[in-house]
Amino acid sequence: MQEIIIKLIEVSVWSGIAALGFGILFNIPKGTIITVFILGFVAGLIKFTLINFNINIVLATFIAVLLVGVICMPIAHKIHHPPVVFCIPPVIPMIPGYFAYETILSVMNFIFIEKDAVRRLALIDSIFSNGFTMFFILISITAGISLPMLVLRKSTVKNMED
């Protein structure tokens, strides 16, 4: 149990560092750096904790991104910066690079290398399973970040404080 907690904290710290790196890359204000790190850490912690409890990666990503979207709106209002500064950098590390890589690798093997019919069938399965997983993770990221920004507009966030 202790190993799992340490591993979750480790990947969460790396998620926070990745969020911070993307935030610096996109030139976020200096006063928001710690907040972006914390949001990235929280997003990673939620996603990998849910995955550890055998929740599908698409749903785990959606829940983590949705929570970041909901949290970043009042934070943005309090710190007086646009919500995009706090919402986008923590979410970028969740882009499914592994599934994209595996999809492209399977496509390349299918087209150029593999001639055996049984192995080609396995590659087709890999193309579709990895491709659709990647696609649905991207859709969940888009929906999870967009919904709070649409629902919790600036006037609504101001009403939340009252």
Novice: Which atoms form the tightest heavy-atom contact between S15 and G40, and what is the distance?
Specialist: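 S15 and G40 have their closest heavy atoms at CB-O, 3.5 Å.
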Novice: Which heavy atom of A60 sits nearest a heavy atom of K47, and at what distance?
Specialist: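 In this case the closest contact between A60 and K47 is CB-O, 3.8 Å.
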Novice: Counting only heavy atoms from other residues, nucleotides and ligands, does the tally under 6.0 Å from CD1 of I34 exceed 12?
Specialist: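 Result for CD1/I34: open.
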Novice: Residues two or more places apart in sequence or in another chain: which of them pass side-chain contact (heavy atoms from CB on, under 4.5 Å) with E10?
Specialist: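 E10 satisfies side-chain contact (heavy atoms from CB on, under 4.5 Å) with K7, W14 once adjacent residues are dropped.
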Novice: How close do P148 and A143 get, counting heavy atoms only, and between which atoms?
Specialist: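 Closest approach of P148 to A143, heavy atoms only: CD-O, 4.3 Å.
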Novice: Examine I33 and V36 and state if one hydrophobic cluster contains both, with Ile, Leu, Val, Met, Phe, Trp and Tyr joined whenever side-chain heavy atoms are less than 4.5 Å apart.
Specialist: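 Same cluster.
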Novice: Given side chains that start at C-beta, do those of P96 and L138 come closer than 4.5 Å, heavy atoms only?
Specialist: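 When only atoms from C-beta onward are counted, L138 and P96 do touch, with a gap below 4.5 Å.
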Novice: Mind listing the closest non-hydrogen atom pair of L39 and F86 along with its distance?
Specialist: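 Heavy atoms only, the tightest pair is CD1-O, 3.4 Å.
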Novice: Out of curiosity, I137 CD1 to N56 CG, how far, rounded to the nearest 0.5 Å?
Specialist: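 Rounded to the nearest 0.5 Å, the CD1-CG separation comes out at 8.0 Å.
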Novice: Going from CZ on R120 to CD1 on I111, what distance comes out if it is rounded to the nearest 0.5 angstrom?
Specialist: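 Taking CZ in R120 and CD1 in I111, the distance rounds to 9.0 Å.
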Novice: Taking V68 as the starting point, is it possible to reach L25 by hopping between hydrophobic residues whose side chains are less than 4.5 Å apart?
Specialist: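 Yes, L25 and V68 fall within the same hydrophobic cluster.
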Novice: Assigning hydrophobic clusters by single linkage (Ile, Leu, Val, Met, Phe, Trp, Tyr; side-chain heavy-atom cutoff under 4.5 Å), is M134 placed with L105?
Specialist: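 Each belongs to a different hydrophobic cluster.
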Novice: Any link between L123 and I113 through a network of hydrophobic side chains (Ile, Leu, Val, Met, Phe, Trp, Tyr) touching at under 4.5 Å?
Specialist: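 In one cluster: yes.
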Novice: Measure the spacing between CG of L67 and SG of C72 and express it to the nearest 0.5 Å.
Specialist: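 SG of C72 is found 10.0 Å from CG of L67.
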Novice: Write down the atom of C87, the atom of G69, and the distance for their closest heavy-atom approach.
Specialist: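 Taking every non-hydrogen atom into account, SG-CA, 4.3 Å.
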Novice: If I take atom CZ from residue F48 and atom CE from residue M94, how far apart are they, to the nearest 0.5 angstrom?
Specialist: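 The CZ atom of F48 sits 7.5 Å away from the CE atom of M94.
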Novice: Just jot down the side chain to side chain donor-acceptor pair (under 3.5 Å) partners of S126, sequence neighbours excluded, or say none.
Specialist: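 Result, side chain to side chain donor-acceptor pair (under 3.5 Å) vs S126: S106, N130.
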Novice: How long is the gap from CD1 on I46 to CZ on F41, to the nearest 0.5 Å?
Specialist: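 The CD1 atom of I46 sits 10.5 Å away from the CZ atom of F41.
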Novice: Using the rule that two of Ile, Leu, Val, Met, Phe, Trp, Tyr join whenever any of their side-chain heavy atoms come within less than 4.5 Å, decide whether L20 and I79 are in one cluster.
Specialist: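 Yes, one cluster joins them.
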Novice: What distance do L45 atom CG and L50 atom CG have between them, rounded to the nearest 0.5 Å?
Specialist: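 L45 atom CG to L50 atom CG measures 9.0 Å (nearest 0.5 Å).
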Novice: The test is side-chain contact (heavy atoms from CB on, under 4.5 Å); show your working for V84 and M149 and say whether it passes.
Specialist: CA-CA 9 Å; V84 175; M149 293 182 102; 3.7 Å; yes
Novice: Please find the pair of heavy atoms, one from T61 and one from I57, that lie closest to each other, and give the distance.
Specialist: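 Here T61 and I57 meet closest at OG1-O, 2.7 Å.
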Novice: The criterion is side-chain contact (heavy atoms from CB on, under 4.5 Å); which residues satisfy it with P29, sequence neighbours excluded?
Specialist: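 Residues passing side-chain contact (heavy atoms from CB on, under 4.5 Å) with P29: T32, H81, V85.
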